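Note that the coordinates shown come from a computational prediction; the quantities given were computed from them, not determined experimentally.
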Amino acid sequence: MQDTRVTILITTKDRLHELKRSLSLLDQLFRKKVPVIICDDGSKDGTSHFLGANYPEINLIRNIESKGLIFSRNRLLNMVETDFAISLDDDSNFLSKQPVSQIINYFNTHQQCAVTSFRIYWSKNTPETTFTSVEPHRVRSFVGCGHAWRMKAWRDIPDYPAWFNFYGEEDFASYHLLKKNWEVHYLPSVLVQHRVNIKARKKEADYITRLRYSLRAGWFLYILFLPVHLIPRKLVYSVWMQLKLKVFKGDFKALRAIILALYDLLIHLPRIFANSKRLNRKEYQKYLGLNETRIYWNPEKIQVLTSNSTNVS
């Protein structure tokens, strides 16, 4: 019998080998007791055929042509009929036990919490320990590869901006949630492994595209939400830091990404101004007072007391 309180959502495109791994781990954890919806964003590697043949219980939707990650996430979230939805990337999997009950219990005891952001371990290998001493707390935003929505809150704000295409949708939603008096919380008891080698990404073919979309998303968000007097300084500082930390150190691919991102910013300015929803002074100060978004987690060192330790009374 399936759990009627929560739905798991996964977007995928041409990464069938990763999706197979993630679905196998989900099967081991939930034994098909939690409903799953997958959006295949125009894959050419046989993803939809595989899912239809091997996972008929999964609700599969498909974009005939690729529409982008954010478009696909909107489709999935707007199909959810349960009270909560868990969003995972196709290369992500839970490492903690009983994540669903932990998520639901947390939402039930924190009624203003709109999104729970999970503890994310970015690595191809599993961590040596899963221990953390960090307690749940409110944060500014959340991580796309592992989080859960209270669907009532999702329906209280606009959809993710599909025109961002990739990156930035989490902060877009978080700003809107702040203005609606909803909260985003970091829930470290739920641990997710994002099977990504961060260092290797610089050598991958899509490095320029990823950096371009990351930069422009940040700049879009500045103009959409920040008080006007802060925007020029933020933009100049962002460009300068990219030049200083990447281009001046020989990363000339980054220079191309910066130029392309600036071009995108100019092209999208009319749409950005049309959709702006600026924080007022009070809201911005409230935002600054929140804890930073917890994006990366590294295993903590545990001090073990030996039998030879001296007890102090």
Side-chain angles (χ1 to χ4, degrees), residues 7-15 18-19 22 36-43 47 59-80 85-92 114-115 117-118 120 140-151 153-180 182 184 192 194 196 201 206 208-225 257 260-261 263-265 267-277 293 295:
T7 304
I8 293 178
L9 310 176
I10 300 174
T11 59
T12 189
K13 180 187 175 185
D14 290 328
R15 294 201 296 192
E18 292 286 4
L19 183 62
S22 295
V36 178
I37 311 176
I38 293 179
C39 182
D40 177 4
D41 186 30
S43 294
T47 292
N59 188 351
L60 172 65
I61 60 174
R62 186 168 185 259
N63 301 328
I64 302 302
E65 295 182 359
S66 178
K67 297 290 186 180
L69 174 69
I70 299 177
F71 177 93
S72 299
R73 282 184 173 164
N74 282 334
R75 284 196 70 187
L76 288 171
L77 281 161
N78 289 326
M79 290 179 64
V80 173
I86 296 171
S87 183
L88 296 172
D89 278 3
D90 56 7
D91 56 356
S92 298
V115 177
S117 183
F118 308 148
I120 311 295
R140 293 179 180 177
S141 188
F142 56 99
V143 182
C145 64
H147 64 275
W149 271 96
R150 182 192 300 274
M151 294 308 300
W154 167 257
R155 299 185 185 103
D156 199 29
I157 64 171
D159 283 1
Y160 290 138
W163 47 282
F164 276 38
N165 192 267
F166 195 66
Y167 291 130
E169 75 274 17
E170 303 93 347
D171 288 346
F172 177 92
S174 297
Y175 281 123
H176 277 287
L177 290 170
L178 180 72
K179 293 184 75 68
K180 289 282 190 172
W182 287 104
V184 179
V192 165
H194 193 194
V196 172
R201 275 190 169 177
D206 64 351
I208 292 175
T209 300
R210 282 183 175 273
L211 181 56
R212 172 187 181 179
Y213 283 172
S214 175
L215 290 172
R216 75 177 198 176
W219 300 340
F220 289 176
L221 291 164
Y222 288 162
I223 302 175
L224 281 166
F225 294 103
L260 290 171
Y263 171 78
D264 292 340
L265 179 62
I267 294 298
H268 283 87
L269 276 178
R271 175 179 265 172
I272 295 171
F273 285 122
N275 289 276
S276 63
K277 196 75 172 178
T293 307
I295 299 176

- [ ] Flag the pair D90 / I38 as yes when at least one side-chain heavy-atom distance between them is below 4.5 Å, and no otherwise.
- [x] no
Task: M151 vs L77 side-chain heavy atoms within contact, under 4.5 Å - done: yes
Task: For T47, all residues meeting side chain to side chain donor-acceptor pair (under 3.5 Å), sequence neighbours excluded - done: D45
- [ ] Answer yes or no: is there a side-chain heavy-atom contact under 4.5 Å between L269 and I223?
- [x] yes
Open item on the list: Can you tell me how far apart OG (S92) and NE2 (H194) are? Round to the nearest 0.5 Å.
Closed with: 4.0 Å
Task: L76 side, atom CG; I8 side, atom CD1 - distance, nearest 0.5 Å - done: 12.5 Å
- [ ] Enter the distance from F273:CZ to L224:CG here, rounded to the nearest 0.5 Å.
- [x] 9.5 Å
Task: Residue K179 excluded, over 12 heavy atoms near NZ under 6.0 Å - done: yes
TODO: Supply the atom-to-atom distance H176 NE2 to W182 CH2, rounded to the nearest 0.5 angstrom.
DONE: 15.5 Å
Task: Distance (rounded to the nearest 0.5 Å) between D91 CG and C145 SG - done: 7.5 Å
Open item on the list: Minimum heavy-atom separation for V184 and S141, please, with both atom names.
Closed with: CG1-O, 3.6 Å
Open item on the list: If you apply the rule side chain to side chain contact (heavy atoms under 4.5 Å, CB included), what do you find for L215 with D264, and how did you get there?
Closed with: CA-CA 10 Å; L215 290 172; D264 292 340; over 6 Å; no
- [ ] Might you point out which heavy atoms bring V143 and I295 nearest each other, and give the distance in Å?
- [x] CG2-CA, 3.7 Å
Task: Distance in Å, L177 CG paired with R150 CZ, rounded so as to fall on 0.5 Å steps - done: 11.5 Å
Open item on the list: Using side-chain heavy atoms (C-beta onward) and a distance below 4.5 Å, is I86 in contact with F118?
Closed with: yes
Open item on the list: To check you understand the geometry: which heavy-atom pair defines the closest contact between N78 and W154, and what is its length?
Closed with: OD1-NE1, 3.0 Å
Contacts under 3.5 angstrom, residues 161-170 side chains, donor-acceptor by atom type, not counting sequence neighbours:
unit_1: Y167; atom_1: OH; unit_2: R210; atom_2: NH1; d: 2.9
unit_1: E169; atom_1: OE2; unit_2: R73; atom_2: NH1; d: 2.3
unit_1: E170; atom_1: OE2; unit_2: G144; atom_2: N; d: 3.1

- [ ] Check L88 against G146 and note the closest heavy-atom contact, atom names and distance.
- [x] CD2-CA, 4.2 Å
TODO: Taking side-chain contact (heavy atoms from CB on, under 4.5 Å) as the test, write out the residues that go with S72, two or more places apart.
DONE: T11, C39, D41, N63
Open item on the list: Looking at every heavy atom in both R75 and R62, which two are closest together, and how far apart are they?
Closed with: NH1-O, 3.4 Å
